[in-house]
Amino acid sequence: MENRTIDQLQQIPAEKFQFVQQDQRISDAKLETKRIGYFGDVWRRFKHDKSALVAFILIIILLLFSIIVPLFSYTNVQFREENYAFVLPKISLFKGSGFWDGTKTIDSQYQGSYDYYRALGLESGMSPIVGEVKTSTDSDGTTRYAFRVDTYYEPGYEIKVLPANEYEALLAYQKETGNQIFFPVPKTYSINFNGFKKGNIWYKLDVTEVGADGTVIDYEKDFRDNPTSAAAKKAYTSALENTSGKAVLDENGNVIPNYLRTTEPVDDTLPEDKWRFPKDYYPEDANRIAGDDGTYVYALKVQGGYRVRINIYNEYVKRYQHEPSFIFGTNVYGQDIFACLAYGGRLSFILAISVSLINFIIGACYGAIEGYYGGAVDMVMERISDVLGYMPFIVVATLFKLHLQEKVGPIWSLLFAFILTGWIGMASRVRMQFYRFKGHEYVLAARTLGAPDRRLIMKHIFPNSLGTIITGSILVIPGVIFSESMLSYLNIINLETSGMTSIGTMLSNGQPYLSTHPHIILFPALFISILEISFNLFGNGLRDAFNPSLRGAEN
Amino acid sequence: MVAIFVIIGLIAVLALCAFFGGSMGRYAVKRILLMFLTLFIIMTICFILIKLLPLPLIKSINKDVELQRAKYEQRGYYKPIMVQYFNFWKNVITEWNWGMGEQLYTDRPVWPVMMQKLPYTVLVNLYSILIAIPIGLAFGIYAALKKNKWQDNVISTAVMIFTSVPSYVYAFLVQYFLCTKLRWFPLTVLSQDEAALFSWPMFVSMVPAMLSLGFGVTAGLTRYTRAELSEVLTGDYMLLARTKGLTKAQAISRHAMRNAMVVILPMIIGEFIGILGGSLIIERIFSIPGIGNVFVDAISVKDYNFFMAETFFYTLIGLASGILTDISYGFIDPRIRMGSKK
């Protein structure tokens, strides 16, 4: 500031003084910002916490997953395809990349196993072997093979008896679409192979064995030379049943087909009498595969229908109009893990949200009455909730299940068990909030003005605790999901009897196969982990948003 | 008859505490009496609900229905519920006889069987706590010291993940990676025939279970330690300690840790007992022949005597854990007035 002398200040001319607003009215200007409100404030604070936002989005994604997938998936909990049990996860987009395309690497396979896999795809072109085959030699000279296998082509073919109408329907489908379902029946169709599906052994097996002294025993030749000898027959059968899958190769190194033929009606290379060529066969109806010289047999008439050899893949396509491709693979029963996860997640969410709501209502009422009236009422109610609170939850759930399971089913008994002791935490929180706000002056003022108890509770004291209550309710949800998964994992609550599945059930189904097929457990475990982490972050974010003064106290 | 003397001795001890223990003693005695009352009420509720259920009569080839009915009759399961109730308490108080196993461990007395299995559960939990507590404390202290730096953020994120993920997910991960892939540890805990309880092979086979249990405990402890210690470090007396000339380490170990421990130690003490109640799934996964496994088996075969005994055990654990935590709070923090408020 410059120094001004008194004289200078006294010499300010009069024109410089003007009235600012003599003629105007002064009134409050209208607020230029919009009113946000309590929840708007909360949302604004919530948005700052990035991890809570991400968690919220994750929760919404999981919720949508559980709602949308059951609507659009053709597989559900009742879907069981034993043929496709244990297939690996596959997404069609990743075909050929080696990751998430349903293939697995198997190594150290003997010649027999390699022949088996090699022969699987020769008839239909659906070869399970993907990529190149690596050979290695053992210390004693045997070759070992390592290759990648597509688990969706591994099931191959199945030999079963179809009723006549099903046979005709499949035949009509085959003629119409050209997808070959019926393939020629091999001569060994009634032998129960040890470790191989009999539908896939369609080639001539090598039933020779090198004895200890180096001589070669040919069981088939022995049987052919002595067809009436029971011992030779038994040895031949046993050699076939315990085969290693090794094939007899022709001069080009290919496997030799071993089909039943119409031109050899009395084929006594088969070891048992009833395997002599049956009387009726239907070669005219079936479409023929390439290489058929007109003598292959595609169906045998038996009592009850026809015995056929069907291509499992094409039959699946006919039945479901989809190619088998399970995004998360299948479990031991052949259930689609993707769909089961969605159904299980749906059940968990519905259960958890209803439990949270009901506990909120009961707990809020109980806590409000306790906190408002205080005194003897408070003491009695505290005692009751104290005693109830110390009952171990597993005991409560078990008792409810034992009593109510037949009458109302497992889900309702579980719900009752959660409700019986779940409201205690909410009630104590509400009670604490009531004690804090009961003594404030505005409550006293409202009471002086004549407000009844109900109005004081609902309109004045209760809204103060909205923040803690909402946060508490949200944080109940992962606890319920975890408890329910624990109970169904331990088989205390068995949901499978009513045709439902839950995450705990899926985990317990997958646990015996943890070392061989980890993908069965991986996806439910991932689901529940992400759910819990997201809910915790979300709950933390909510708590900070509702009450910024608590920020940092817990975390 | 031994049980009656034990009970009289307990009452005498409680009376002594009440007279000579001062206000702390009176509070402790009051809590313990309340505990017995709660236990009594809960056992009564359980008892009545269980006795209302029909007795399982199994029809199978080697089990005769008539024989089972006769056995139940002889053991008094068809008498009126009030009579059974009095018999139950009489058996428990005078002889500590909790009945015989019916479907599980048939015709063997319940309590000795449970006591035989108790050491496994206690051992696994004890090992996991003994390892988890120092690690949790160390991480918590480190995170509080480096508050808001990158070490703190990493530890806090890890804590967040480890507290949220359920314990059986750890168990699966541990089992898959450490047991099947790397083969460092056996898949399940060795049974009694294979190794003695305190031997080294038994300890090695328990390590996966210890790890699975320990992750959750460590994470929780880290979170609380960090919160408490960082709150304590902001106090004025810490500034005074540094001004006085103490180094940072001295100031923290002599002043800050004590104040933080006031809150944490009761939690640890409560955890020692409380953790016994939570290891059901771990026992199932790792085939530990402990009390939790018996509980789950008893539920699936509907053996009610074992169920009652296990309920008693778990309720007692829950109550004892709560009481220990509260009372040790009073012992450790001299500022707390032990009145009638919790």
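These numbers were taken from a predicted model, which means no experiment stands behind them. Because only heavy atoms are used, hydrogens play no part in the values below, and waters and symmetry mates are left out as well, while side chains stay in. Proteins come first, then strands; the chains are lettered A, B, ... in the order of their sequence lines, and each starts at number 1.
- In this structure, B:T38 and A:D386 have side chains that are not in contact, with every pair of non-hydrogen atoms separated by 4.5 Å or more.
- Heavy atoms only, all atoms of each residue included: B:P166 and A:F482 are closest at CB-CE1, 3.2 Å.
- No more than 12 heavy atoms of other residues, nucleotides or ligands lie within 6.0 Å of NZ in B:K302, so this atom counts as exposed by the packing criterion.
- Atoms OG and CD1, from A:S508 and B:I285 in turn, are 10.5 Å apart once rounded to the nearest 0.5 Å.
- Residues B:Y314 and A:Y390 keep their aromatic ring centres 6.0 Å or farther apart.
- Heavy-atom neighbours of chain B within the stretch residues 528-535 of chain A, taken at a separation under 4.5 angstrom, comprise A:I528, A:S529, A:E532, A:I533.
- Among A:L388, A:L507, A:L514, A:V396, the residue with the largest count of heavy-atom pairs under 4.5 Å with chain B is A:L514.
- Taking CG of A:L399 as the reference point, atom CD1 of B:I299 lies at 9.0 Å (rounded to 0.5 Å).
- Of the atoms belonging to A:L402, heavy atoms from both backbone and side chain fall under 4.5 Å from chain B.
- Here the closest heavy-atom approach between residue B:R284 and residue A:L490 is recorded as CG-CD2, 3.6 Å.
- Between B:Y168 and A:Y489, the ring planes are parallel. Angles under 30° get that label, and only those over 60° would be called perpendicular.
- The number of heavy-atom neighbours closer than 6.0 Å to CZ of B:F139, taken from other residues, nucleotides and ligands shown, is 12 or below.
- With rounding to the nearest 0.5 angstrom, the NE2 atom of A:H403 is 4.5 Å from the CG atom of B:L49.
- Contacts between B:I161 and chain A at a heavy-atom distance below 4.5 Å involve backbone atoms as well as side-chain atoms.
- The most heavy-atom pairs under 4.5 Å with chain A, out of B:T311, B:I281, B:V296, come from B:I281.
- At least one side-chain heavy atom of A:N536 sits less than 4.5 Å from a side-chain heavy atom of B:M160.
- Contacts between B:F162 and chain A at a heavy-atom distance below 4.5 Å are absent for every atom of the residue.
- Residues A:R383 and B:L34 have side chains in contact (heavy-atom distance under 4.5 Å, counting atoms from C-beta outward).
- Under the 3.5 Å distance criterion, with hydrogens and angles disregarded, no donor-acceptor pair is assigned to the side chains of B:S300 and A:N491.
- When heavy atoms are compared at a cutoff of 4.5 Å, B:S164 approaches chain A by way of both its backbone and its side chain.
- For chain A, the option among B:V165, B:I42, B:L37 with the highest count of heavy-atom pairs below 4.5 Å is B:I42.
- Within 6.0 Å of OH on A:Y435 lie more than 12 heavy atoms contributed by other residues, nucleotides or ligands.
- Shown here are the side-chain hydrogen bond (donor to acceptor under 3.5 Å, both in side chains) partners of A:K401, two or more places apart in sequence or in another chain: there are none.
- Within the model, atoms CZ of B:F307 and OG1 of A:T398 stand 4.5 Å from one another, a figure rounded to the nearest 0.5 Å.
- Interface remark: A:S515 contributes backbone and side-chain atoms alike to the contact with chain B (heavy atom separation under 4.5 Å).
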